[in-house]
Student: 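Take this structure first; my questions come after.
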2 protein chains.
Amino acid sequence: MTPTDGKPGRRRGQELENALLDAAWDELNDHGYGAFTIDAVAQRAGTSRAVLYRRWPTRDELAQAAITHAVRTVVRTVPDTGSLRGDLIAMLLDFNETRSQFAAMLSVHLGAFYAETGQTIADLRRSIVREESGPTVQEIYDRAAARGELDPDRLTPRIANLPFDLYRHDIMVTLQPLSEAAVVEIVDDIFLPLVRPRPA
Amino acid sequence: MTPTDGKPGRRRGQELENALLDAAWDELNDHGYGAFTIDAVAQRAGTSRAVLYRRWPTRDELAQAAITHAVRTVVRTVPDTGSLRGDLIAMLLDFNETRSQFAAMLSVHLGAFYAETGQTIADLRRSIVREESGPTVQEIYDRAAARGELDPDRLTPRIANLPFDLYRHDIMVTLQPLSEAAVVEIVDDIFLPLVRPRPA
DNA sequence: CCAATAAGAAACACTCGTGTATCTAAGGAG
DNA sequence: CTCCTTAGATACACGAGTGTTTCTTATTGG
């Protein structure tokens, strides 16, 4: 392992490539895809365009690579607090920490990207979800059903996605992380009443 | 009234201005704000850039004007079918006709615009809602409450917006109008159960 | 009918980003 | 220590869009 701190000297191989993709991602975050230029990425990474062109032939492929790279670095955790309510609130608040900026960025800056590639946010989400392919929220629902907190018959696909759809909607519309009150509202006032087992 | 059809000859005044703003709006729709150029607008409008520069000094002001102009031409209707369910479904399906493209366009193409102006979709919606300032969905809720179809105590602000938030979320994520089934699902499976008066 | 106005065409200098090519020197492999 | 890959710098031709200016001519108002 070569020392990674101190004066960077001249970076190579994987270290350099990560730095390039990070710079590209930051550039996307700060200025959006519309103003996403190879030049700016090179400057931010402290290198020259040639280094970028050696790896990615076009702007779009660099952007794609940067997005994929950023996605890969997101770690996903599925909480297990012992209650459905606690799990969902924890999960959404964790999203606030780890993903709200990511989601906002995707929503706001990538319009031109979607337009050019013909993709939609839904498409991108699918490929991200496939990429992660780890444990999912379904675990939370399964545990809740086992505890009798949730009626599986009431959990239609749309309702299963409801808390996350509402979370995502808020992010896309306000570009800010949700307040804890908003998260609690989504869970307590909307989701839980819809899935709670009815007293027969 | 001068004849408005036939060979357009040389347009002037309001007629020309409308044509310019329409062309700008179409250009935004087709290619997004990222690829929104004065040149393209001039070409689409069948005129020269000078004509545009005489009216709007910058690209951004032209885009702003085009958006405002497009917003102004949207007519809003509030249905009155006699039932809450019917009103909401009618309203959302009407959105499908009149606004889904508009909403999709706003979500997707205007990222760079938001980034530059610092506005969010929420801000833009506020100014649009203010602009319209006509009858609102509140009317529908009031009538439903009067008929006893809706418990006003359960209608928190978030729940009042819920059908529209979900509608908007779907549009932003899929960039397509919602299927009628999806609209019915939002109303029947999610909204109505949350606001129906509980048998005391 | 005439004069004022403004549409529309065209040319210009300018900026910014692209993509390629060339050169140097850093730093790893042998 | 030496060679060889390649990071990083720099220069160039090119295209696309901007914003300005000048000129013409259609159209309108008086």
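All chains are named by letter (A, B, ...) in the order of the sequence lines, taking the proteins before the strands, and each is independently numbered beginning at 1.
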Student: R11(A) CZ to dG28(C) P: how many Å, rounded?
Tutor: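 After rounding, the gap between these two atoms is 14 Å.
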
Student: Would you mind reading off the distance between L20(A) atom CG and dA7(D) atom P, rounded to a whole angstrom?
Tutor: 9 Å

Student: Please report, rounded to the nearest Å, how far the P atom of dG17(C) is from the CD atom of E27(A).
Tutor: 10 Å

Student: Using atom CZ of F36(B) as one end and atom C1' of dT18(D) as the other, report the distance to the nearest whole Å.
Tutor: 14 Å

Student: Among R11(A), R54(A), R55(A), R12(A), which residue meets the salt bridge (Lys or Arg N to Asp or Glu O under 4.0 Å) test with E17(A)?
Tutor: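 With E17(A) as partner, R11(A), R54(A), R55(A), R12(A) yield a single salt bridge (Lys or Arg N to Asp or Glu O under 4.0 Å), made by R55(A).
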
Student: Quick check: closest heavy atoms across P193(A) and V187(A), and the distance to 0.1 Å?
Tutor: CD-O, 4.1 Å

Student: For the backbone of A90(A) and the side chain of D94(A), can you confirm whether one donor and one acceptor N or O come within less than 3.5 Å of each other?
Tutor: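 Side chain of D94(A) to backbone of A90(A): no pair is present.
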
Student: Nearest-Å distance, CG (L52(A)) to C1' (dG8(D))?
Tutor: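 From L52(A) CG to dG8(D) C1': 11 Å.
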
Student: With sugar-phosphate meaning primed atoms plus P, OP1 and OP2, does T37(B) contact a base, only sugar-phosphate, or nothing at under 4.0 Å between heavy atoms?
Tutor: sugar-phosphate

Student: Give me the distances for all protein-to-nucleotides 20-26 of chain C N/O pairs that come in under 3.5 Å?
Tutor:
{"from": "dA26(C)", "atom 1": "O4'", "to": "R10(A)", "atom 2": "NH1", "distance (Å)": "3.3"}

Student: Looking at E61(A), I want to see if its CD is surrounded by more than 12 non-hydrogen atoms of other residues, nucleotides or ligands under 6.0 Å.
Tutor: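 Yes, CD of E61(A) has more than 12 neighbouring heavy atoms, counting only those of other groups under 6.0 Å.
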
Student: Give the rounded distance in Å between these two atoms: CD of E17(A) and P of dT5(D).
Tutor: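 Taking CD of E17(A) and P of dT5(D), I get 19 Å after rounding.
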
Student: Before we go on, tell me: are the rings of Y141(B) and F164(B) under 6.0 Å apart, centre to centre?
Tutor: no

Student: Any Lys/Arg nitrogen of R143(A) or D80(A) sitting under 4.0 Å from an Asp/Glu carboxylate oxygen of the other?
Tutor: yes

Student: Of all the heavy-atom pairs spanning R198(A) and R154(A), show the shortest one and how long it is.
Tutor: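 So the minimum-distance heavy-atom pair works out to NH2-NE, 3.5 Å.
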
Student: Mind listing the residues from residues 38-45 of chain A sitting with a heavy atom below 4.0 Å of DNA chain C? Number order is fine.
Tutor: I38(A), D39(A)

Student: Side chains of residues 36-44 of chain A: which donor-acceptor partners sit under 3.5 Å, not counting sequence neighbours?
Tutor:
{"from": "T37(A)", "atom 1": "OG1", "to": "A40(A)", "atom 2": "N", "distance (Å)": "2.9"}
{"from": "D39(A)", "atom 1": "OD1", "to": "R49(A)", "atom 2": "NE", "distance (Å)": "3.3"}
{"from": "R44(A)", "atom 1": "NE", "to": "E27(A)", "atom 2": "OE1", "distance (Å)": "2.6"}
{"from": "R44(A)", "atom 1": "NH2", "to": "E27(A)", "atom 2": "OE1", "distance (Å)": "3.3"}
{"from": "R44(A)", "atom 1": "NH2", "to": "D30(A)", "atom 2": "OD2", "distance (Å)": "2.5"}

Student: Just how far, in rounded Å, is P of dG19(D) from CZ of R55(B)?
Tutor: 17 Å

Student: Just the rounded figure in Å: distance from P of dG28(C) to CG of L16(A).
Tutor: 13 Å

Student: Using side chain to side chain donor-acceptor pair (under 3.5 Å), reason through D142(B) and Q138(B) one step at a time and then give a plain yes or no.
Tutor: CA-CA 6 Å; D142(B) 288 344; Q138(B) 190 58 43; 3.1 Å; yes

Student: Is any side-chain N or O of T47(A) under 3.5 Å from a base N or O of dA7(D), one able to act as donor and the other as acceptor?
Tutor: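 Per atom types, no contact qualifies.
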
